[in-house]
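When reading the values below, keep in mind they use all heavy atoms of this one structure, side chains included, and skip hydrogens, waters and symmetry mates. Here is how names work: the chains are called A, B, and so on, in the same order as the sequence lines, proteins then strands, and each is numbered from 1.
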There are 2 protein chains.
Amino acid sequence: MVDKRIDPEKTALSVGDVAKRSGIKVSTVHYYDAEGLITSWRNHGNQRRFSRDVLRRVALIKIAQRVGISLEEIRQALSVLPHHRTPSKSDWQALSNQWRISLDDQIGRLMKLRNQMDECIGCGCLSLGQCPLRNPGDIQAHD
Amino acid sequence: MVDKRIDPEKTALSVGDVAKRSGIKVSTVHYYDAEGLITSWRNHGNQRRFSRDVLRRVALIKIAQRVGISLEEIRQALSVLPHHRTPSKSDWQALSNQWRISLDDQIGRLMKLRNQMDECIGCGCLSLGQCPLRNPGDIQAHD
DNA sequence: CTACGACCTCAAGTTAACTTGAGGTCAAGG
DNA sequence: CCTTGACCTCAAGTTAACTTGAGGTCGTAG
């Protein structure tokens, strides 16, 4: 059985490489490794080594965070991706569709809040139980 | 000098009153008092007493939080309101205009992020330094 | 008097996402 | 050999916004 792939040790990244190229701190790399968001192996000096796909993974993490998604949710979303292979374009498309839903939801919520504020500027009641601004549900108030 | 206002002790609210009527915990009332978001005085038993305007103040706090404004910023915004007088309609209008700006900003940011994600779905580059998704500035990428 | 409910203070805990600091190893270069 | 830079682990710290828990006082009702 001959493994025709390039020797991983030759292309492997150290923790400092990953940090620098991803724009995050070494401690953050440690943290993401510990939380299972990225994976590494150890060389004989017990130092972490990462395959290059980790760079793409960190990129996905950072974008998801901008969407407001928690690391735990991100970890779950990334866990279905294959390891040691750079996430493909279709992987990214599937993920970004998921996260797009979250983003649409947030935008919708903020716009609804804006509408409620506009409506409530006139009366200014702000009453608990009656004012939709105080009750993020669908209660009709200001009748 | 005759104070013609209603005796504050007769209309004063206890910490439990404020908590119940505002839908927050007693500990939160303590916390807001400690942080200077609301003010109280003590009776001879060293118990806090609040004037009724505090109910309106807590309402404003809760709405601002929904807009995503930090307590420190809320404290500053509320500090210009007169004490011991329920915030008026025009007070609420001034505040909500401020917070409306913040809300508009957030909505704009999320919509921009959504656009960037839509654009990046095609290429999936996600590169630090080139992809606007990885750089929340105005760098033009994907040229 | 006792029990209960409301109040008090002070300190520590929770949460998520990091970050810092202390104390150590290893490899390479001068 | 010493120095430097990169790595390691472990523990604690930071931030904001609460929340819990421990130990106490006071007033009222039975």
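Under 4.0 Å is where a charged nitrogen must lie from a carboxylate oxygen, and between B:R100 and A:D118 at least one such pair does.
The side-chain heavy atoms of B:I38 and B:L78, taken from C-beta on, include no pair separated by under 4.5 Å. Considering only heavy atoms from C-beta on, A:L13 stays 4.5 Å or farther from A:R48 through its side chain.
Remark: A:D105 pairs with A:R109 by the side chain to side chain contact (heavy atoms under 4.5 Å, CB included) rule, at least two apart or across chains. When the side-chain hydrogen bond (donor to acceptor under 3.5 Å, both in side chains) test is applied to A:E35, no partner is found at least two apart in sequence or on another chain. With sequence neighbours excluded, the residues forming a side-chain hydrogen bond (donor to acceptor under 3.5 Å, both in side chains) with A:S14 are A:D17, listed by chain and number.
Atom CG of B:L71 and atom OH of B:Y31 lie 5.5 Å apart (nearest 0.5 Å). From B:W92, atom CH2 reaches atom CH2 of B:W99 across 6.5 Å, with rounding to the nearest 0.5 Å.
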**Sugar-phosphate or base contact per nucleotide [nucleotides 13-22 of chain D; S, B, -; heavy atom under 4.0 Å]** = ----BBBB--
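Of the possible donor and acceptor atoms, none in the side chain of A:D33 sits under 3.5 Å from a partner among the backbone N and O of A:V29.
Of the side-chain N and O atoms in A:S14, none sit less than 4.0 angstrom from OP1 or OP2 of D:dA6.
Taking the screw axis at each terminus of the helix from C:dC1-D:dG30 to C:dG30-D:dC1 from five consecutive base pairs, the angle between the two is 40° to within rounding of 10 degrees.
The NE2-P distance, from B:H44 to D:dC26, rounds to 9 Å in whole Å.
Across all their heavy atoms, B:A12 and B:W41 have their closest contact at CB-CZ2, 3.6 Å.
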Protein and nucleotides 8-12 of chain D: nitrogen or oxygen contacts under 3.5 angstrom:
from  : atom 1 : to    : atom 2 : distance (Å)
D:dC8 : OP1    : A:R48 : N      : 2.8
D:dC8 : OP1    : A:R48 : NH1    : 3.2
D:dC8 : OP2    : A:H30 : NE2    : 3.0
D:dC8 : O3'    : A:R42 : NH1    : 3.2
D:dT9 : OP1    : A:R42 : NH1    : 2.9
D:dT9 : OP1    : A:R42 : NH2    : 2.8
D:dT9 : OP2    : A:R48 : NH1    : 3.1
D:dT9 : OP2    : A:R48 : NH2    : 3.2

